[in-house]
Number of protein chains: 2
Amino acid sequence: MSSLMQKIKEVLPQLSEAEERIGKYVLGNPEAVPHMTTKELSQKSGVSEATIIRFCKSIGIGSFKSFKLALMKDLTLTDTNLTDFSVLDKKDSPYDLFHKVIHVNKSAIESCADSMDRKELAKAVEAIQHAKKIVFFGVGGSSTAAVDAQYKFTKLGYHSITSLDFHYMLSVIPHLTENDVFVAISTSGKTKDVLELTRFAQKKGATAIAITTLSKSPLYKEADIRLCTPNVEQDFRIGSIPSRMTQLTVIDTLYMSIFHHVGEKVLQQYYDARSEMESLRR
Amino acid sequence: MSSLMQKIKEVLPQLSEAEERIGKYVLGNPEAVPHMTTKELSQKSGVSEATIIRFCKSIGIGSFKSFKLALMKDLTLTDTNLTDFSVLDKKDSPYDLFHKVIHVNKSAIESCADSMDRKELAKAVEAIQHAKKIVFFGVGGSSTAAVDAQYKFTKLGYHSITSLDFHYMLSVIPHLTENDVFVAISTSGKTKDVLELTRFAQKKGATAIAITTLSKSPLYKEADIRLCTPNVEQDFRIGSIPSRMTQLTVIDTLYMSIFHHVGEKVLQQYYDARSEMESLRR
DNA sequence: TAAATAATGAATTTAAATTTCATTATTATA
DNA sequence: TATAATAATGAAATTTAAATTCATTATTTA
């Protein structure tokens, strides 16, 4: 716990009722407060604006602005890992939500570092490097990552395929061989479509890479290579927001790694494409 | 040299005379500026207050307040000068790259806070709330955000459309009316396809929301509502990685805001869909 | 119970940020 | 070269945020 927050906690019992309410709100939503005005904070915590000012003085800070600055500094120093989004509030304005989204997404990406296994990652890069074809598949919220990956790897010169359509995929997979890679994306690791296609691809000899959470799910168990995303809060309100960020971070890593490797070879083509794009830019 | 100061240095030659004067003052007195008002800074640097505001926008930051905050952060974070990706190294292992990707993505999301204008955001949410149809369009790296948005807003019960195909979009837009919203996604704000479709949609009376960087681009100028993403480093090696993260963060915010609003109404349907999904889960 | 004190928010004032608008300078075009 | 179009600029007005004042209510003390 950092110094300002600590300080607030300490003096909380000595504060008046209204000021205590502010203190509690601040402690509960520290990352939201630095972007608020006195008016907003007064409404959120159910006191008057005047009391906000008094609160600042009570905890020994001269102005509301200084208070916000101090709080912000506090938060950056102790990168709070409040991954949960339970702090959503009826009164939240779009701007408040914006800052909460920033916070959640940042936390999600940060926590990617915890779940990734470097050996598995190395294996995945190795497999993709030598792949003739790469097929990505994800449904629902995970389809975003699949679409993104397909685009990125096409840019790198790969024969890269994805589709939201299960039956389309059924027609793609029979043509896979040992040289190919099937990347299955599913947060839960239980999605039936994804599982069935993964098994099918494996039967054709393709290497199955799973981008999924570390769990006892069938996808986790059966995949050849596991790239784990962290178990981020799955609140219904935020839906798949944070998990999609983690999936994309994994995709980005694969992309960067391959780019890094094929490097110079692709680079010239890349520049060509860029200048061509400039002139053609539709 | 930290990133914001670096950025100012870079754009300095492109700025107008008055704005250049501000830039020089800031570079010369970085530690003084965060505590100044627009009036003070205008006097110190010998320009008008209005020009101060324009200067902030010129360097891609949405308000003077955000500028001061960004500058302050810049000055305190002397050690983390990894913001640029030039630190890519031939010897980097996939795992090294993974951590760099995490860093870049995190920074990109963080800097979203600088460029967003709360009023524009409120306007966007308002427009979408009352929309009958929402059309998303982005090409290249920006298509990911469009696809993601389309999925999210469909889940919220909207008639939500996107396609990668310009000609398909040409057949969609004629049916738009004043009640509809067209969301154009383009980092540069110059993509021809996006511009043409945006103008077409506006001609049909739809409200055009642009998710783009704060710049003098045609898309920025012509859009009815501007949701600005920060000017993240556009290194060819990382391509559109960070800008896609910022676009998604904006999409997430819109989604959360609308969700928050329609809230209870959709919630029941949402739960129904979930349990249905459990049983149907393919 | 009455006086003193403390707590509070509504209303006001002050100050800061932002926008608008008219003016001037610059550039492109006939 | 003259003229229109565009961009740059600051003065003034507007909007927004912060801070103060003051009247009201609750609480404590004698």
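Scope of the values below: all heavy atoms of this structure, side chains included, with no hydrogens, waters or symmetry mates. Lettering of chains follows the sequences in order, A, B, ..., and the numbering in each one begins at 1.
Phosphate proximity of C:dA16 to B:Thr37: absent, as no side-chain N or O sits under 4.0 Å from OP1 or OP2. Applying the 4.0 Å criterion to OP1 and OP2 of C:dG9, one finds that A:Thr51 has a side-chain N or O inside that range.
As rounded to whole Å, 15 Å separates atom P of D:dT20 from atom CD1 of A:Ile52. The distance between atom CD of B:Gln43 and atom P of D:dG10, rounded to the nearest whole Å, is 13 Å. Taking atom CZ on B:Phe55 and atom P on C:dA17, their separation rounds to 15 Å, with Å as the unit. In this structure, A:Phe67 places its CZ atom 12 Å from P of D:dA18, rounding to the nearest Å. Rounded to whole Å, the distance from CD on B:Glu40 to P on C:dA17 is 9 Å. When rounded to the nearest whole Å, the span between NZ of A:Lys39 and P of D:dA19 equals 16 Å. Protein atom NZ of B:Lys221 is 13 Å distant from nucleotide atom C1' of D:dA5, rounded to whole Å. Atom CD of B:Glu17 and atom C1' of D:dA7 are 13 Å apart (whole Å).
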So B:Glu49 and B:Thr38, side chain to side chain donor-acceptor pair (under 3.5 Å) or not? Walk me through it. CA-CA 6 Å; B:Glu49 290 182 60; B:Thr38 50; 3.0 Å; yes
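Partners of B:Phe137 under the ring pair (Phe, Tyr, Trp, His ring centres under 6.0 Å) rule, at least two apart in sequence or in another chain, do not exist in this structure.
Ion pair B:Glu19/B:Arg54 not flagged as a salt bridge, since none of the NZ, NE, NH1 or NH2 atoms sits closer than 4.0 Å to an Asp/Glu carboxylate oxygen. Under 4.0 Å is where a charged nitrogen must lie from a carboxylate oxygen, and between B:Asp252 and A:Arg244 at least one such pair does. Note on B:Lys152 versus B:Asp148: salt bridge recorded, some NZ/NE/NH1/NH2 to OD/OE distance being below 4.0 Å.
The only option from B:Leu227, B:Ile211, B:Thr246 that meets the side-chain contact (heavy atoms from CB on, under 4.5 Å) definition with B:Ile251 turns out to be B:Ile211.
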Each nucleotide N or O in nucleotides 18-20 of chain C that has a protein N or O under 3.5 Å away: list the pair and distance.
from, atom 1, to, atom 2, distance (Å)
C:dT18, OP2, B:Phe64, N, 3.1

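End-to-end axis angle of the helix from C:dT1-D:dA30 to C:dA30-D:dT1, from C1' rotation axes over five pairs per end: 10° (rounded to 10 degrees).
A 4.5 Å side-chain heavy-atom check between A:Ile52 and A:Phe67 finds every atom pair outside the cut-off. Considering only heavy atoms from C-beta on, B:Phe182 stays 4.5 Å or farther from B:Lys133 through its side chain.
Residue-to-nucleotide proximity on DNA chain D shows that, of B:Ser48 and A:Lys68, the 5′-proximal contact is made by B:Ser48. The nearest heavy atom of DNA chain D to B:Arg118 and to B:Gln14 marks one nucleotide each, and the one closer to the 5' end goes with B:Gln14.
Interatomic distance, B:Ser45 OG to B:Met36 CE, rounded to the nearest 0.5 Å: 8.5 Å.
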